[in-house]
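Computed from a predicted structure; not experimentally measured. First the proteins, then the strands, lettered A, B, ... as listed; each starts at 1.
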Amino acid sequence: MAIEVRIPTILRNYTGGQRSVEGSGSTLNELFADLDGRFDGLRGRLVDESGLRRFVNVYLNDEDVRFLGGLEAPVSDGDTVTVLPAVAGGTN
Amino acid sequence: MLPVMLTISAELKAKILAHASADHPDEACGIIAGPAGSDRPERFIPMLNAERSPTFYRFDSLEQLRVWREMDNRDEEPVVIYHSHTATEAYPSRTDVSYASEPDAHYVLVSTADPERAEFRSFRIVAGTVSEEEVVVQE
């Protein structure tokens, strides 16, 4: 068993076109570090110095990870992590 | 090669304008889904503006997950992503461009600044570059 990570279209150039990849770790942070070993540059599109980038939404199963501790959210085998681009904008 | 126009039914265009008008002075937002790869907007999905703001919009993250999963299951994609500007022209702002992450989508902007003359325009936003495209409305 592993953790399934679903990748949005905009980031599939980092995964060789795959819609979903598998990784391991005990927290989201460890999971992203594990993925970065195989999919160079992916982590940098999800995370910056201050944590999760505001341009992406990351979900653990059915919850937004921002409500679960962000990068420290615990993950385990059988979980599904979904990444979606945030849809937002403004007048300025 | 991307098509250089948005083809949309008069009914769907009217639904976007009605949503923008109903939420004025807050920004309204949503999508029109269509079969993947078809470039045909078919299924109107108004979204909550989680910011409830006259100057900013953001899809509610949990609603977005639900809608995106549903599109995935139906083999659809967001053909149109729309939002309104309520005090300025219907042209993508710097913030709009920085968030735009669907190179295959038509970004529709509506302005409700002048209720007598609502603006309805469509753009491609690819890698930070905005190109306006023609809007063809079909009865």
If two hydrophobic side chains count as joined below 4.5 Å and joins carry through other members, does Leu6(B) share a cluster with Ile125(B)? no

Please test Gln64(B) against Asn57(A) for side-chain contact (heavy atoms from CB on, under 4.5 Å), starting from the C-alpha separation and ending with a verdict. CA-CA 9 Å; Gln64(B) 186 187 349; Asn57(A) 293 334; 3.0 Å; yes

Can you check whether Gly90(A)'s main-chain N or O pairs, donor with acceptor, with Glu51(B)'s side chain at less than 3.5 Å? no

Linking I/L/V/M/F/W/Y whenever their side-chain heavy atoms sit closer than 4.5 Å, directly or via other members, would Phe39(A) and Val83(A) fall into one cluster? yes

Go through Ser98(B), Pro54(B), Pro78(B) and name the one with the most non-hydrogen pairs under 4.5 angstrom from chain A. Ser98(B)

By salt bridge (Lys or Arg N to Asp or Glu O under 4.0 Å), Glu72(A) pairs with (sequence neighbours left out) none

With no hydrogens and no angle check, do the side chains of Glu27(B) and Thr91(A) hold a donor and an acceptor under 3.5 Å apart? yes

Checking heavy atoms, do the side chain of Tyr59(A), its backbone, both or neither come under 4.5 Å from chain B? side chain

Below 4.5 Å from any heavy atom of chain B, which atoms of Arg6(A) appear? Answer side chain, backbone, both or neither. side chain

Can you tell me how far the CG atom of Leu65(B) sits from the CG atom of Leu84(A), to the nearest 0.5 Å? 6.0 Å

Largest heavy-atom contact set with chain A, pairs under 4.5 Å, which of Tyr91(B), Trp68(B), Tyr57(B): Tyr57(B)

Is there a donor-acceptor contact under 3.5 Å linking the side chains of Asp64(A) and Ser61(B)? yes

Sequence-distant partners of Arg19(A), salt bridge (Lys or Arg N to Asp or Glu O under 4.0 Å), two or more places apart: Asp72(B)

